[in-house]
Amino acid sequence: MPADAVPTSPAPPPAGPRRPASASAPASASVPSSAPVTVTGWGRTAPSAARLFRPRTYEEAAAAVRACGAHGARGGIARGLGRAYGDAAQNAGGAVLDMTGLDRVHAIDADGGTVLCDAGVSLHRLMEVLLPLGWFVPVTPGTRQVTVGGAIAADIHGKNHHVSGSFARHVLSLELLTADGGIRTVVPGTPLFDATAGGMGLTGVILTATVRLLPVETSWMSVDTERARDLDDLLARLTATDRYYRYSVAWIDLLARGAATGRAVLTRGDHAPLDALEALPRRNGQRPSPRTGAAASPGTPPSGSLWTPPSGSPWRASTRVRAGRSSFGEAFRFRRDMLASPLEFRTPSLPAAPSFVPDGLLGRTAMGLFNEFWYRRAPRARTDELQRLSTFFHPLDGVPHWNRIYGRSGFVQYQFVVGHGREEALRRIVDRISARRCPSFLAVLKRFGEGDPGWLSFPMPGWTLALDIPASLPGLGAFLDSLDEEVAAAGGRVYLAKDARLRPELLASMYPRLPEFRALRGELDPGGVFVSDLARRLGL
Amino acid sequence: MKDAFGTPQSLLILGGTSDIALATARRLIARRTRTVWLAGRPSQALENAATHLRGLGAETHTITFDALDPDSHEAVLGKVFAEGDIDMVLLAFGVLGDQANDERDPVSAARVAQTNYTGAVSSALVCARALQAQGHGSLVVLSSVAAERARRSNFIYGSSKAGLDTFTQGLGDALHGTGAHVMLVRPGFVRTSMTAGRPESPFATTPEAVAVAIELGLRRRSETVWVPGSLRLVMAALRHVPRAVFRRLPL
């Protein structure tokens with residue numbers, strides 16, 4: 001099968017924030033900029049200074065890696081769009097390879113559903129290119145502003161982990177620039193692949209990747225929303241019905257206390273099939289005719305997808321669709337626009353967050369009010385609402401530099417997973433967070449599926465909770481340390497791509513394959529060419 | 001490396017027997033600090049301090065360091081940085097002197113100035129360069145409220161701290177944007193072995209309180225920290241009191 005038309009010219013920059021907020025080095029430098037620049041992660045904590053390389057070709061990247069290994073240099077690490085929350089893409093006193101200059105989409109197999117692209121291509125760019133062809137990225141996190149290389153290095157997961165696994169599971173092969181300056185082709189099932197998937201960039205610089213795609217009929221999501229009144233209710237609902245949805249996530253109100261502890265809003269859904277758009281009411285108040293026959297169910301995943309819903313399930317059987325419009329004219333136009341370009345990819349954008357925000361703006365009162373509003377705003381139950389992709393997956397991408405709202409001290413994101421059967425640990429942690437009144441409005445609970453083969457991959461079957469907390473909160477460090485103890489005791493782990501503060505002693509028990517990772521790194525990179533602040537802090 | 005809250009994993013203390021420094025080390029060891037270097041003149045007190053910190057679970061080393069011998073600073077401190085990254089340097093050495101005696105004995109007055117200012121300038125510059133090469137790390141310098149305005153009762157000590165204070169401010173500006181962070185700490189009267197037996201000034205505080213303020217300053221990446229914090233306002237007012245009045249104040 002010949003590869004399809006190839007947009008080989010460098011892709012235009014995607015909309016939205018493109019450069020990491022604090023890395024303001026000259027963009028064109030392929031040699032290290034002489035003056036180091038201060039680099040932070042998305043959480044804006046623990047800044048450190050590094051020289052920035054921005055390779056434009058693979059040769060420049062190889063030259064940069066060789067320079068990182070030179071005598072007296074303090075190594076290097078690849079960096080994408082800087083969305084790792086902690087210090088994974090910083091390298092104090094050394095070099096940081098900004099990979100966003102390598103952003104070509106080389107080949108799309110529009111029949112087979114694969115794409116070959118540079119590691120610096122963002123998921124945003126991939127969506128722009130792929131959606132019109134009827135394909136979607138297999139896994140997307142809460143932001144489109146991550147690169148393919150970063151997605152593999154952190155082995156990211158999305159709302160579909162319970163059915164699709166993490167990103168690296170959809171990678172067919174990748175090219176890795178290793179410490180010796182050579183380029184290796186790495187395929188799944190090999191130790192090097194498993195060390196690289198989730199390896200936080202410490203095995204080498206990913207140059208290109210071939211990724212298997214997901215077929216879609218429209219760029220719309222069909223979404224079911226429901227409320228859960230407390231944590232038990234939430235866990236029960238997720239356990240009972242998660243398998244009917246490709247995408248599933250719960251926003252959880254961690255400031256709610258007492259009987260409402262752990263109350264949540266579940267949003268779940270799948271890519272809307274074309275006939276879901278056709279089924280929109282033609283005029284105000286008119287209900288679409290009920291669909292008959294399971295064969296014509298609009299929810300049947302398109303062929304070629306990795307997962308099919310359990311047979312006999314109520315999965316997407318309903319066809320009632322709300323367009324959220326009332327007047328006749330609006331409803332008509334809305335339907336017409338959607339049908340005219342069902343695969344159009346639109347990403348609304350709000351003004352960027354201001355560059356200065358005082359610490360402590362988002363305190364308990366503000367967050368509590370927000371959470372109350374957010375919970376009440378959600379319908380008790382609503383099915384088959386059509387939402388844009390960006391609304392469903394990436395609501396925060398609409399606000400450039402939203403990380404600034406936490407002020408100068410920045411914020412930490414705490415994400416952990418505990419296995420099935422460890423619900424009591426999860427419950428205890430949620431209780432403790434609620435009792436402590438940690439101001440957090442981005443708390444998300446998900447049910448993970450099968451674990452992934454990456455040695456340092458984060459997901460494992462069980463429950464994962466992620467929350468943002470302002471770093472200026474007094475006593476937060478000690479509090480999170482004590483949560484780590486609970487997580488480790490329950491056999492769980494915290495997510496390295498988000499970590500900025502884990503106690504190094506706990507790492508080995510959280511990641512049992514760490515010794516293998518260290519051994520492989522020692523063999524592949526004896527001189528320690530690839531190193532990051534994260535690696536130094538945790539002794540990876 | 002420092003964590004998200006600015007807590008260091010490795011700490012170098014210049015003036016390893018300082019009460020404030022040891023209180024700070026104890027506090028940081030309870031959090032993340034695992035390696036501590038105690039620099040000072042070899043003494044039983046230095047060894048005791050090291051044993052004490054070791055007991056708290058930190059890998060502790062002692063090194064011979066003499067503030068009065070600037071020629072040796074580069075070699076001595078360079079060895080520490082060659083062993084591995086230092087996330088925080090706490091410059092805590094200093095002598096109070098004996099004002100009445102020092103006024104009569106210029107040589108001992110000069111020794112106060114040499115220790116508190118000259119020795120600090122030389123060692124701080126060595127550390128600053130190393131932190132800059134590392135691309136990260138904090139240099140925390142213990143100044144004093146005495147640096148803010150000359151007082152009849154301790155102007156020799158005060159003037160040496162004033163020099164150090166001004167030097168540190170400039171150094172902080174010089175290192176801005178290099179990844180290294182310079183923090184100036186201005187405690188008021190601290191009840192330590194250095195001030196034992198002296199009449200207490202108002203707003204007296206403890207080494208533990210200074211340690212708390214240092215930890216908070218690290219988290220906020222502050223440039224100046226007053227201990228207690230209210231001294232910032234008090235000194236802002238005192239700075240503008242006319243000298244004829246200031247002279248008569250019971251300070």
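In this text the structure is predicted, and so the values were computed from the model without any measurement. Every chain is numbered from 1, with letters handed out A, B, ... down the list of sequences.
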Novice: Atom OG in S222(B), atom CZ in R408(A): separation rounded to 0.5 Å?
Specialist: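 Rounded to the nearest 0.5 Å, the OG-CZ separation comes out at 6.5 Å.
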Novice: Contact part of L476(A) toward chain B, heavy-atom cut-off under 4.5 Å: side chain, backbone, both or neither?
Specialist: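 Looking at L476(A), backbone and side chain both touch chain B.
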Novice: Counting only heavy atoms from other residues, nucleotides and ligands, does the tally under 6.0 Å from CD of E223(B) exceed 12?
Specialist: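 Open.
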Novice: Could you look at Q9(B) and say if it's the side chain, the backbone, both or neither that has a heavy atom under 4.5 Å from chain A?
Specialist: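 The answer is the side chain of Q9(B).
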Novice: Please identify, among T7(B), L131(B), D3(B), the residue contributing the most non-hydrogen atom pairs under 4.5 Å to chain A.
Specialist: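 Ranked by contacts with chain A, first place is D3(B).
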Novice: Quick one: which residues of residues 25-37 of chain B reach chain A at under 4.5 angstrom, heavy atoms only?
Specialist: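 At a heavy-atom separation under 4.5 Å, chain A is reached by R31(B), R32(B), R34(B).
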Novice: For residues 526-535 of chain A, please give each side-chain donor-acceptor pair under 3.5 Å, one per line with the distance, not counting sequence neighbours.
Specialist:
unit_1	atom_1	unit_2	atom_2	d
S532(A)	OG	A535(A)	N	3.1
D533(A)	OD1	A92(A)	N	2.8
D533(A)	OD2	S48(A)	OG	2.7
D533(A)	OD2	Q90(A)	NE2	3.0

Novice: Which of the residues Q132(B), R220(B), H136(B), M1(B) is involved in the greatest number of heavy-atom pairs with chain A at under 4.5 angstrom?
Specialist: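 Heavy-atom pair counts peak at M1(B).
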Novice: Quick one: which residues of residues 171-184 of chain B reach chain A at under 4.5 angstrom, heavy atoms only?
Specialist: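 When heavy atoms of chain A are the reference, residues 171-184 of chain B contributes G177(B), T178(B), G179(B) within the under-4.5 Å range.
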Novice: Please, which pairs that meet salt bridge (Lys or Arg N to Asp or Glu O under 4.0 Å) have at least one residue in residues 118-145 of chain B, sequence neighbours excluded?
Specialist: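 The answer is E74(B)-R129(B).
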Novice: Would you mind checking which part of D499(A) comes under 4.5 Å of any heavy atom in chain B, side chain (CB onward), backbone (N, CA, C, O), both or neither?
Specialist: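 Neither; nothing under 4.5 Å.
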Novice: Starting at CG of L473(A), measure out to CZ of F5(B) and round the result to the nearest 0.5 Å.
Specialist: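 It comes to 8.5 Å.
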Novice: Which atoms of D87(B) are under 4.5 Å from chain A, going by heavy atoms: the side chain, the backbone, both sets, or neither?
Specialist: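 Nothing of D87(B), per the 4.5 Å heavy-atom cut-off to chain A.
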Novice: For residues R74(A) and D85(B), report the shortest heavy-atom separation together with the two atoms involved.
Specialist: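 Heavy atoms only, the tightest pair is NH2-OD2, 2.8 Å.
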Novice: Under a 4.5 Å cutoff for heavy-atom pairs, which residue among S409(A), G410(A), G86(A), A471(A) has the most contacts with chain B?
Specialist: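 Option with the top pair count is A471(A).
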